[in-house]
**Student:** 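Handing you a structure now.
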Amino acid sequence: MCIAILNPPRVTLKKSVLLKCWENNPDGAGMIFTDTKTQTLYTLKEMRSGELFYKAYQQYRRVHLDSYFILHFRIATAGKINEDNCHPFVVNEGLAFVHNGIISKVRTCVNYSDTYYFNADILQNLPADFTENEATLELIEAAIGASKLVFLNSKNEPLILNSHLGHYVENVWYSNRSYEDRMPAPKLKTWEDYKYQPVGYNQAKPDKPAPQLWPSYTKGITDLYDH
């Protein structure tokens with residue numbers, strides 16, 4: 001499912017948070033930040049370990065205190081596990097982004113993910129200033145469904161599409177809750193646990209209450225983070 005994080009200036013995330021993100025989303029991590037003095041945009045990708053990623057984050061966070069940082073931890077749903085498919089993705093010299101979710105209206109293949117192609121086929125073919133056009137942003141939101149996109153430009157201006165599908169904790173925006181301990185899988189039930197039974201159906205135990213009726217469990221395990 002992945003997780004995207006918007007880390008505001010002068011806020012340093014705890015090591016335990018980033019390592020939990022890596023543990024729950026172990027297929028590569030990346031970050032975007034800016035040098036606010038030169039208005040230069042930087043991206044970094046790490047495929048080896050959460051410890052190395054945290055060290056890099058700590059180093060650059062300390063130097064670039066006034067920059068927003070966008071962080072991403074990936075679980076592969078399409079495409080190979082490699083740097084090509086690891087976020088962030090660069091749209092142009094002054095803009096990069098990360099994605100949480102699945103974009104179903106773009107092509108995929110064995111080698112490359114939906115995000116890779118969404119960038120290559122759509123975003124890189126838009127005008128360079130498309131993030132300033134409200135109509136274009138509305139069309140992008142319609143195309144990505146329940147996905148979340150987080151952009152940062154070289155002017156240190158962040159943009160979240162579908163920000164309402166994530167949440168804030170102490171001014172830090174998280175696209176889901178996979179920075180927390182992984183939730184246990186729900187206990188599976190059979191039809192006998194759900195079907196209607198009249199009161200007193202069990203003559204051996206007439207005082208046993210009828211089972212409560214519960215809605216069907218339809219969300220995937222990783223989707224439990226998305227609330």
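In what follows, every heavy atom counts, from backbone to side chain, and hydrogens, waters and symmetry copies are set aside.
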**Student:** Report the C-alpha distance between Asn85 and Tyr112 in whole Å, list the side-chain angles of each, state the deciding distance to 0.1 Å, and finish with yes or no for side-chain contact (heavy atoms from CB on, under 4.5 Å).
**Tutor:** CA-CA 6 Å; Asn85 293 307; Tyr112 298 107; 3.9 Å; yes
**Student:** Would you mind reporting whether Asn119 and Val91 have side-chain heavy atoms less than 4.5 Å apart?
**Tutor:**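 Yes - at least one pair of side-chain heavy atoms lies under 4.5 Å apart.
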**Student:** Tell me if a side-chain donor or acceptor on Asp35 pairs with a main-chain N or O of Gln39 at a distance below 3.5 Å.
**Tutor:** no
**Student:** Using a 3.5 Å distance criterion without hydrogens, assess whether the side chain of Asn125 forms a donor-acceptor pair with backbone atoms of Ala120.
**Tutor:** yes
**Student:** Could you tell me if the side chain of His72 sits less than 4.5 Å from the side chain of Cys2, heavy atoms only?
**Tutor:** yes
**Student:** Hydrophobic clustering (ILVMFWY, side-chain heavy atoms < 4.5 Å, transitive) - are Leu149 and Phe130 grouped together?
**Tutor:**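 Yes: a chain of side-chain contacts under 4.5 Å links Phe130 to Leu149.
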**Student:** In the structure I gave you, are the side-chain heavy atoms of Val150 and Phe97 within less than 4.5 Å of one another anywhere?
**Tutor:**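 Not touching, per the 4.5 Å side-chain cut-off.
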**Student:** Are Ile81 and Tyr116 connected in the hydrophobic side-chain network, where two residues link if heavy atoms are under 4.5 Å apart?
**Tutor:**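 Unlinked, Ile81 and Tyr116 end up in two clusters.
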**Student:** Do Asn111 and Lys80 have side-chain N/O donor and acceptor atoms under 3.5 Å apart?
**Tutor:** yes
**Student:** Please round to the nearest 0.5 Å and tell me the distance separating atom CD1 of Ile3 and atom CZ of Phe73.
**Tutor:**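 Answer rounded to 0.5 Å: 8.0 Å.
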**Student:** Cut-off 3.5 Å, side chains only: do Thr34 and Ser67 have a donor facing an acceptor?
**Tutor:**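 Result is yes, a qualifying pair exists.
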**Student:** What are the two closest heavy atoms between Val11 and Val172, and how far apart are they?
**Tutor:**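 Minimum heavy-atom contact is CG1-CG2, 4.1 Å.
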**Student:** Tell me the closest heavy-atom pair linking Thr43 and Pro88, and the distance in Å.
**Tutor:**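 Shortest heavy-atom separation between Thr43 and Pro88 comes out as CB-CG, 3.7 Å.
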**Student:** Going from CD1 on Ile140 to CG on Asn162, what distance comes out if it is rounded to the nearest 0.5 angstrom?
**Tutor:**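 So the gap between those two atoms works out to 11.0 Å.
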**Student:** Does Trp173 form a side-chain contact (heavy atoms from CB on, under 4.5 Å) with His167? I'd like the steps, not just the answer.
**Tutor:** CA-CA 6 Å; Trp173 182 86; His167 62 277; 5.9 Å; no
**Student:** Does any non-hydrogen side-chain atom of Glu46 lie less than 4.5 Å from one of Met31?
**Tutor:**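 Contact flag for Met31/Glu46 side chains = no.
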**Student:** Which label fits His99 and His87: parallel for a plane angle under 30°, tilted from 30 to 60°, or perpendicular past 60°?
**Tutor:** parallel
**Student:** Determine, using the 4.5 Å side-chain heavy-atom cutoff (strictly less than), whether Ile5 and Ile70 are members of one ILVMFWY cluster.
**Tutor:**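 Looking at the clustering, Ile70 is in a separate group from Ile5.
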**Student:** For a 4.5 angstrom cut-off between non-hydrogen side-chain atoms, does Phe151 reach Pro158?
**Tutor:** no
**Student:** For Ala76, does its backbone N or O pair with a side-chain atom of Asp27 as donor and acceptor, under 3.5 Å?
**Tutor:** yes
**Student:** Please report the interatomic distance NE2(His164) to NZ(Lys148), rounded to the nearest 0.5 Å.
**Tutor:** 9.5 Å
**Student:** Is the closest side-chain heavy-atom distance between Glu180 and Asn24 below 4.5 Å?
**Tutor:**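 A side-chain contact under 4.5 Å is absent here.
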**Student:** Taking C-beta and beyond as the side chain, do Leu41 and Glu93 meet within less than 4.5 Å on heavy atoms?
**Tutor:** no
**Student:** To the nearest 0.5 Å, how far apart are CG in Leu159 and CD in Glu132?
**Tutor:**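 Between atom CG of Leu159 and atom CD of Glu132 there are 10.5 Å.
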**Student:** Is there a side-chain contact between Val169 and Tyr179 (heavy atoms, below 4.5 Å)?
**Tutor:**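 Yes, at least one pair of side-chain atoms sits under 4.5 Å.
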**Student:** About how many Å separate NZ of Lys20 and CZ of Arg177, when rounded to the nearest 0.5 Å?
**Tutor:**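 Answer for the CZ-NZ pair, Arg177 versus Lys20, is 15.5 Å.
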**Student:** Where does the angle between the aromatic ring planes of Phe69 and Tyr57 fall among parallel (under 30°), tilted (30 to 60°) and perpendicular (over 60°)?
**Tutor:**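 Answer is perpendicular, since the angle exceeds 60°.
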**Student:** How about Asn176 and Asn100: does a side-chain donor come under 3.5 Å of a side-chain acceptor?
**Tutor:**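 Side-chain D/A pair, Asn176 to Asn100: present.
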**Student:** Any chance you could lay out the side-chain contact (heavy atoms from CB on, under 4.5 Å) test for Thr40 and Tyr42, step after step, and finish with the verdict?
**Tutor:** CA-CA 7 Å; Thr40 304; Tyr42 290 97; 3.7 Å; yes
**Student:** Evaluate the side-chain contact (heavy atoms from CB on, under 4.5 Å) criterion for residues Thr36 and His64: first the C-alpha distance (whole Å), next the side-chain angles of each, then the deciding distance (0.1 Å), finally the verdict.
**Tutor:** CA-CA 8 Å; Thr36 56; His64 300 284; over 6 Å; no
**Student:** Please find the pair of heavy atoms, one from Ala143 and one from Ile103, that lie closest to each other, and give the distance.
**Tutor:** O-CG2, 4.1 Å
**Student:** If you compare all heavy atoms of Tyr54 against all heavy atoms of Leu13, which two are closest, and at what distance to 0.1 Å?
**Tutor:**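 Nearest pair, atom of Tyr54 first, then Leu13: CE1-O, 4.2 Å.
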**Student:** Taking Leu71 as the starting point, is it possible to reach Ile32 by hopping between hydrophobic residues whose side chains are less than 4.5 Å apart?
**Tutor:**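 No, because Ile32 and Leu71 fall into different hydrophobic clusters, even though each may have its own neighbours under 4.5 Å.
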**Student:** Quick check: closest heavy atoms across Pro26 and Ile75, and the distance to 0.1 Å?
**Tutor:** CD-CG1, 4.0 Å
**Student:** Is it true that the NZ or CZ of Lys105 lies under 6.0 Å from the centre of Tyr117's six-membered ring and within 45 degrees of the ring axis?
**Tutor:**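 Not flagged: Lys105 not positioned over aromatic ring of Tyr117.
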**Student:** Can Asn25 and Ser178 be said to form a side-chain hydrogen bond (donor to acceptor under 3.5 Å, both in side chains), step by step?
**Tutor:** CA-CA 8 Å; Asn25 307 272; Ser178 61; 3.1 Å; yes
**Student:** Do side-chain atoms of Lys45 reach the backbone of Glu83 as a donor and acceptor pair under 3.5 angstrom?
**Tutor:** yes
**Student:** Verify the cluster assignment for Leu44 and Val90: are they in a single hydrophobic cluster under the rule of side-chain heavy atoms below 4.5 Å apart?
**Tutor:**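 Cluster IDs for Leu44 and Val90 differ.
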**Student:** Can you measure from CD (Gln58) to CZ (Arg62) and round to the nearest 0.5 angstrom?
**Tutor:**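 Output value for this atom pair is 5.0 Å.
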**Student:** Side chains of Asp114 and Thr108: do they bring a donor and an acceptor to under 3.5 Å?
**Tutor:**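 No.
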**Student:** Of all heavy-atom pairs between Arg61 and Asn7, which one has the smallest distance, and what is that distance?
**Tutor:**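 Distance-wise, the nearest heavy atoms are NH1-OD1, 3.5 Å.
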